[in-house]
Amino acid sequence: PFKDNKTVEIPKSVITNAGSEANQQKATETLREIAKQAGEKRYFGNGDTLYYDNSMLTISLGYGHTATALNTEISFRNTGIDFYADKGDDVMANLGGEIVYADFLDYSGYTVCIDHGYGLKTWYAHLNGVSVEKGDVVAKGDVIGVAGDTGFTDTVGFHVGMTIFDTPICTYSIWENGTNSNGEKG
């Protein structure tokens, strides 16, 4: 349903502000420090599946795909999956955990990070607003924010990423095959 690479039309003001090298660096440094941490409590188990229910969503940019801003040299590799959504649509936690980041960064817009324990985290970006705070504990399916177009993006929707410590992982096979928290097929 999507191409490996795409050219995106991002307004020059967004490129100049949100997409600046300084803002990319600030986001990278802020989020990498969070990613390296590991919560001691495990928030998943009892057959929880590690996937985001995307059955009603359309992918705008897939994991590992490259996007280039129109008429620029700016390109980036997507380390998560971007979905189209209507502005204000609920964005839900794909697994329970503790909110370790819920704030605005120029590059990723309103961003939420959930620590699921043992280094596993999910990241949600480009939100129009967040409904959680650092320290909150959420369950799978809880609303954490609403879809939007904040940060360095060319469309309304939201970004979902998954990392183990600071290494992004592709969740396609997990989503398609449904792997539960015991590593068995769901």
Side-chain angles (χ1 to χ4, degrees), residues 18 23-57 59-60 63 78-153 155-171 174-175 178-182 186:
N23 285 332
Q24 290 179 41
Q25 186 66 29
K26 179 181 176 185
T28 298
E29 289 172 4
T30 300
L31 301 178
R32 183 170 288 142
E33 285 308 309
I34 294 166
K36 288 180 181 179
Q37 300 167 13
E40 294 181 18
K41 183 171 181 181
R42 179 174 148 176
Y43 291 92
F44 59 92
N46 301 323
D48 284 336
T49 53
L50 307 177
Y51 73 94
Y52 193 87
D53 182 5
N54 62 345
S55 60
M56 301 298 290
L57 300 170
I59 294 173
S60 63
Y63 178 91
N78 198 11
T79 58
I81 301 168
D82 293 356
F83 295 101
Y84 291 113
D86 290 330
K87 189 177 273 190
D89 281 357
D90 288 341
V91 175
M92 295 164 281
N94 77 320
L95 199 60
E98 180 179 350
I99 305 298
V100 292
Y101 189 85
D103 208 344
F104 186 87
L105 288 166
D106 288 324
Y107 187 68
S108 56
Y110 284 102
T111 304
V112 172
C113 176
I114 304 173
D115 184 343
H116 306 291
Y118 300 113
L120 178 65
K121 294 180 182 65
T122 50
W123 306 80
Y124 307 82
H126 308 304
L127 304 175
N128 207 46
V130 299
S131 55
V132 292
E133 296 179 356
K134 184 177 178 179
D136 288 351
V137 175
V138 296
K140 179 178 182 166
D142 284 354
V143 174
I144 58 168
V146 293
D149 58 356
T150 60
F152 188 66
T153 185
T155 188
V156 175
F158 61 99
H159 169 95
V160 179
M162 187 178 281
T163 59
I164 296 178
F165 294 103
D166 61 346
T167 303
I169 58 173
C170 180
T171 59
I174 293 171
W175 289 352
T179 303
N180 68 29
S181 59
N182 298 323

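When reading the values below, keep in mind they use all heavy atoms of this one structure, side chains included, and skip hydrogens, waters and symmetry mates. Small disclaimer: the values here were computed from a predicted structure and weren't measured. Residue indices begin at 1 and follow the sequence shown.
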Minimal non-hydrogen separation, Asp166 against Pro168, with atom names: O-CD, 3.5 Å
Here the pair of heavy atoms bringing Ala93 nearest to Ala139 is CB-O, 3.8 Å
Give, for atom [atom1] of [X] and atom [atom2] of [Y], the distance between the pair rounded to the nearest 0.5 Å.
| X | Y | atom1 | atom2 | result |
| --- | --- | --- | --- | --- |
| Ile114 | Lys140 | CD1 | NZ | 12.0 Å |
| Asp82 | Ile59 | CG | CD1 | 9.5 Å |
| Asp103 | Cys113 | CG | SG | 12.5 Å |
| Thr167 | Lys121 | OG1 | NZ | 11.0 Å |
| Phe158 | Met92 | CZ | CE | 7.5 Å |
| Phe83 | Thr155 | CZ | OG1 | 13.0 Å |

Any His116 side-chain heavy atom under 4.5 Å of Asn94 side chain: yes
Would Leu95 and Thr122 count as a side-chain contact (heavy atoms from CB on, under 4.5 Å) if you check the C-alpha gap in whole Å, the side-chain angles of each, and the deciding distance to 0.1 Å? CA-CA 8 Å; Leu95 199 60; Thr122 50; 5.7 Å; no
Heavy atoms from other residues, nucleotides or ligands near OH of Tyr110 exceed 12 (cutoff 6.0 Å): no
Give the C-alpha distance, both sets of side-chain angles, the deciding distance and a yes or no for side-chain contact (heavy atoms from CB on, under 4.5 Å) between Thr153 and His159. CA-CA 10 Å; Thr153 185; His159 169 95; over 6 Å; no
May I have the step-by-step check of side-chain contact (heavy atoms from CB on, under 4.5 Å) for Asp90 and Val146, ending in yes or no? CA-CA 5 Å; Asp90 288 341; Val146 293; 4.0 Å; yes
Less than 3.5 Å apart, which donor and acceptor atoms pair up between the side chains of residues 128-135 and the rest of the protein, not counting sequence neighbours?
{"residue": "Ser131", "atom": "OG", "partner": "Val143", "partner atom": "O", "Å": "3.2"}
{"residue": "Ser131", "atom": "OG", "partner": "Ile144", "partner atom": "O", "Å": "3.3"}
{"residue": "Ser131", "atom": "OG", "partner": "Gly145", "partner atom": "N", "Å": "3.4"}

